[in-house]
Amino acid sequence: MRADRSHESRDGHVLVLDAGSSSLHIALFAADGERVAERDASEPPGPAAAAELRNFLSEVPAPAAVGHRIVHSGPHLTGHTLIDTPVRALLADVADLAPLHVTPALHVVDAARELLPDVPHVACFDTVFHKDLPAQACTYAVPERWRAEYGLRRYGFHGLSYAWALQRTAQALGRPVDNLQVVLVHMGGGCSACAVRNGHSVDTTMGLTPLEGLVMSRRSGSLDPGALLWLQRRHGLSTDELDDTLHRHSGLLGLSGTSGDTRDLVCARAEGDAAAALALATFTLSCRRGIASMAASLDRLDALVFTGEIGEDQPEVREEICSALTVLGVRGGLLVPELEDLMREGLRRIDQAVRSVPVLVVATGETQQIAVETRRVLGVADRTR
């Protein structure tokens with residue numbers, strides 16, 4: 001199917017396709033950043049993506065461009081870029097660095113390019129925000145051969161979310177981005193923290209893959225590499241078993257044995273579930289460790305910023321993190337904004353202690369940022385700010 005191009009313009013609508021490991025969010029944005037339409041696909045990314053996209057496109061104005069969220073850029077792509085045949089091949093080559101995310105996203109890329117062959121498709125990467133990490137922050141302490149021949153290094157992720165949150169934070173504080181030193185924390189299915197100095201990412205908790213760092217919903221986060229060697233040698237676990245367990249059956253789910261959703265765990269803890277209590281305590285400690293380690297890469301802390309689904313709508317988690325970060329000048333006793341108000345306004349400052357570090361919640365803006373970056377790649381002025 002080819003969408004009607006009769007009213008297309010260079011400043012027209014941007015279709016955003018945000019494919020996760022088991023989800024596909026579709027949104028259409030007008031030139032002024034207004035969200036015209038959106039839909040969560042009923043099926044995971046895969047063969048059904050084409051039908052889902054076809055149905056969506058039949059109900060909305062024809063897009064002038066398509067922006068795709070791609071989690072990992074690999075070593076050869078350092079900026080958001082048009083997708084052509086060589087770029088598509090490079091994306092396939094790095095899929096094993098983030099198999100839960102890149103492989104499903106490529107199914108969607110292929111379906112969209114077939115349905116909309118006459119419009120530009122842009123790959124927007126989560127890794128680009130961290131492309132200028134200083135050497136000491138992106139280098140692993142392994143032999144030079146591993147780093148040079150195998151490309152072993154830290155990339156960092158959640159960059160689209162961080163780019164959006166950083167701009168909103170600057171607006172909220174009334175300060176230019178290039179004069180801010182902040183720690184940003186994205187907490188959702190995947191969780192990470194990032195240190196931003198004067199507009200640039202200078203440290204982050206995720207690494208070569210999105211598995212490193214904080215405890216997550218179903219992912220383990222950082223684990224002693226010696227433990228993995230021991231599991232292989234002593235207990236005979238295969239690479240596939242380790243991969244599946246660390247990505248899908250660990251984190252909050254592995255700790256609680258019941259759920260990877262903090263909302264469920266908060267309720268279960270209140271009913272006396274010890275495993276849920278341990279899961280939440282381990283998770284919030286992991287977040288505090290991550291935040292503190294990121295602060296170590298800054299000269300000062302101008303703000304602590306939460307985003308992502310957990311960051312947005314789990315006040316108990318935010319409170320437990322902040323109330324134990326007094327060493328950084330962060331205090332508990334946070335305000336609890338109504339989620340509906342937060343979604344409408346886009347952000348809220350929630351600290352209320354005198355002389356404490358500002359604490360903000362920013363509504364997740366990955367899809368909006370993809371639209372912004374898509375227009376930027378195409379040389380179209382951003383009208384959303």
Side-chain angles (χ1 to χ4, degrees), residues 126 128-139 154-187 191-207 212-214 222 284-308 310-312 315 317-335 337 342 346-365 369 385:
D126 273 309
V128 165
F129 187 75
H130 309 287
K131 68 183 178 65
D132 295 321
L133 282 174
Q136 65 270 23
C138 68
T139 302
R154 174 172 280 107
Y155 283 92
F157 301 93
H158 289 135
L160 293 162
S161 174
Y162 287 145
W164 182 263
L166 179 61
Q167 291 292 335
R168 306 284 85 70
T169 298
Q171 291 173 4
L173 298 179
R175 297 174 60 174
V177 166
D178 60 7
N179 189 33
L180 276 181
Q181 297 198 35
V182 299
V183 172
L184 308 173
V185 188
H186 180 105
M187 298 190 300
C191 301
S192 71
C194 171
V196 174
R197 179 200 295 266
N198 303 333
H200 299 281
S201 171
V202 294
D203 204 355
T204 188
T205 56
M206 282 182 168
E212 186 179 0
L214 310 184
S222 293
T284 54
L285 175 59
S286 171
C287 291
R288 293 196 300 274
R289 284 172 170 165
I291 292 166
S293 69
M294 293 302 99
S297 290
L298 303 176
D299 300 319
R300 62 181 189 272
L301 184 59
D302 294 329
L304 173 62
V305 184
F306 292 99
T307 191
I310 298 173
E312 291 170 358
V317 170
R318 294 194 302 258
E319 182 66 30
E320 288 170 36
I321 291 171
C322 290
S323 62
L325 278 177
T326 55
V327 67
L328 296 182
V330 176
R331 300 288 187 274
L334 303 174
L335 298 171
L342 174 63
L347 61 88
R348 276 291 182 91
R349 182 168 171 174
I350 59 173
D351 60 285
Q352 55 181 345
V354 178
R355 293 189 297 276
S356 65
V357 169
V359 179
L360 291 85
V361 180
V362 177
T364 309
Q369 191 65 32
R385 296 172 186 169

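Keep in mind that the numbers below use all heavy atoms, side chains included, and drop hydrogens, waters and symmetry copies. The chain is numbered in sequence order, starting from 1.
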Derivation and outcome, side-chain contact (heavy atoms from CB on, under 4.5 Å), residues Leu166 and Phe129: CA-CA 11 Å; Leu166 179 61; Phe129 187 75; 4.2 Å; yes
Closest approach of Leu173 to Arg349 (non-hydrogen atoms, all atoms of both residues): CD2-NH1, 4.2 Å
Any donor-acceptor pair under 3.5 Å from Ser356 side chain to Ala353 backbone: yes
Reported CG-to-CG distance for the pair Leu360 and Asp351, which is rounded to 0.5 angstrom: 7.0 Å
4.5 Å side-chain heavy-atom contact, Val359 and Val305: no
Backbone of Leu334 reached by a side-chain donor or acceptor of Glu319 within 3.5 Å: yes
Rounded distance (nearest 0.5 Å) linking atom CG of Asn198 with atom CD of Gln181: 5.5 Å
Check: His158 main-chain N/O paired with Ser192 side-chain donor or acceptor under 3.5 Å: no
Distance, nearest 0.5 Å, that separates CG of Leu347 from OG1 of Thr169: 7.5 Å
Shortest non-hydrogen contact from His130 toward Cys194: CE1-SG, 3.7 Å
Ser297 to Ala195 - nearest heavy-atom pair and separation: CB-CB, 4.3 Å
Minimum side-chain heavy-atom gap Tyr155-Asp126 below 4.5 Å: no
Side chain proximity check, Leu184 to Val362, heavy atoms < 4.5 angstrom: no
Geometric class of the His186/Tyr162 ring pair [parallel <30°, tilted 30-60°, perpendicular >60°]: perpendicular
Side chains of Ser201 and Leu133 in contact at under 4.5 Å (non-hydrogen atoms): yes
Atom of Arg175, atom of Asp302 and distance for their closest heavy-atom approach: NH2-OD2, 3.4 Å
Atom pair CG (Leu180) and CD (Gln167), whose distance is rounded to the nearest 0.5 Å: 9.5 Å
Arg348, CZ: over 12 other non-hydrogen atoms inside 6.0 angstrom: yes
SB check Asp203 Arg197 (cutoff 4.0 Å): no
Carboxylate-amine/guanidinium proximity below 4.0 Å for Glu320 and Arg288: no
Exam field: side chain Ser222 to backbone Gly213, donor-acceptor pair closer than 3.5 Å: yes
Side-chain heavy-atom pair Thr284, Val317 within 4.5 angstrom cut-off: yes
Side-chain donor-acceptor contact under 3.5 Å, Thr364 with Glu312: yes
Non-hydrogen atoms of Ser161 and Thr307 that approach each other most closely: OG-CG2, 3.4 Å
Leu325 vs Ile291 side-chain heavy atoms within contact, under 4.5 Å: yes
Minimum side-chain heavy-atom gap Arg331-Cys322 below 4.5 Å: no
Atom of Val202, atom of Leu298 and distance for their closest heavy-atom approach: CG2-CD2, 4.2 Å
Residue pair Glu212 / Thr205, side-chain heavy-atom distance below 4.5 Å: no
Distance (rounded to the nearest 0.5 Å) between Ile321 CD1 and Ser286 OG: 9.0 Å
